Amino acid sequence: LTGYLTKVRDKIAESCRLLLSTEEAISKIASDCGFRNISYFNRVFQERMHQTPGQFRSLSAENRTAI
């Protein structure tokens, strides 16, 4: 169980990096990070980050332009 949670945590961390550094579609980022199902990716991302991948990308972009 610990190994699984670490793996998911690493995948979400990688997806965050890609959301911030690329303009790739969220579905492509999910796939590139090893998620075969976009709905599962969205659910896991939201549980972990307390926002959807789209919200994460938008809010981060707003924060970068506000500085």
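Values below: all heavy atoms of this structure, side chains included; hydrogens, waters and symmetry mates excluded. These numbers come from a predicted model, not from an experiment. Numbers here are sequence positions counted from 1.
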Practice task
List for me each residue that meets side-chain hydrogen bond (donor to acceptor under 3.5 Å, both in side chains) alongside T52, sequence neighbours excluded, and say none if there are none.
Solution key: Q55
Exercise for the section: Would you please name every residue forming a salt bridge (Lys or Arg N to Asp or Glu O under 4.0 Å) with D10, sequence neighbours left out? Expected result: none
Completion exercise
For I12, the other hydrophobic cluster members (4.5 Å side-chain criterion, sorted by chain and number) are L1, Y4, L5, V8, L18, L19, L20, I26, I29, F35, I38, Y40, F41, V44, F45, M49, F56
Handout entry: Non-neighbouring partners of K28 that pass side-chain hydrogen bond (donor to acceptor under 3.5 Å, both in side chains), sequence neighbours left out
Key = D32
Completion exercise
So OG of S27 and CG of N42: to nearest 0.5 Å the spacing works out to 9.5 Å
Fill in the blank from the handout: Applying salt bridge (Lys or Arg N to Asp or Glu O under 4.0 Å) to E24 and not counting sequence neighbours gives none
Practice task
Kindly state each residue pair satisfying salt bridge (charged side-chain N to carboxylate O under 4.0 Å, His left out) with at least one member in residues 45-58, sequence neighbours excluded.
Solution key: none
Problem - Pairs where residues 11-22 contributes a residue and the test side chain to side chain donor-acceptor pair (under 3.5 Å) is met, not counting sequence neighbours - result: E14-R17
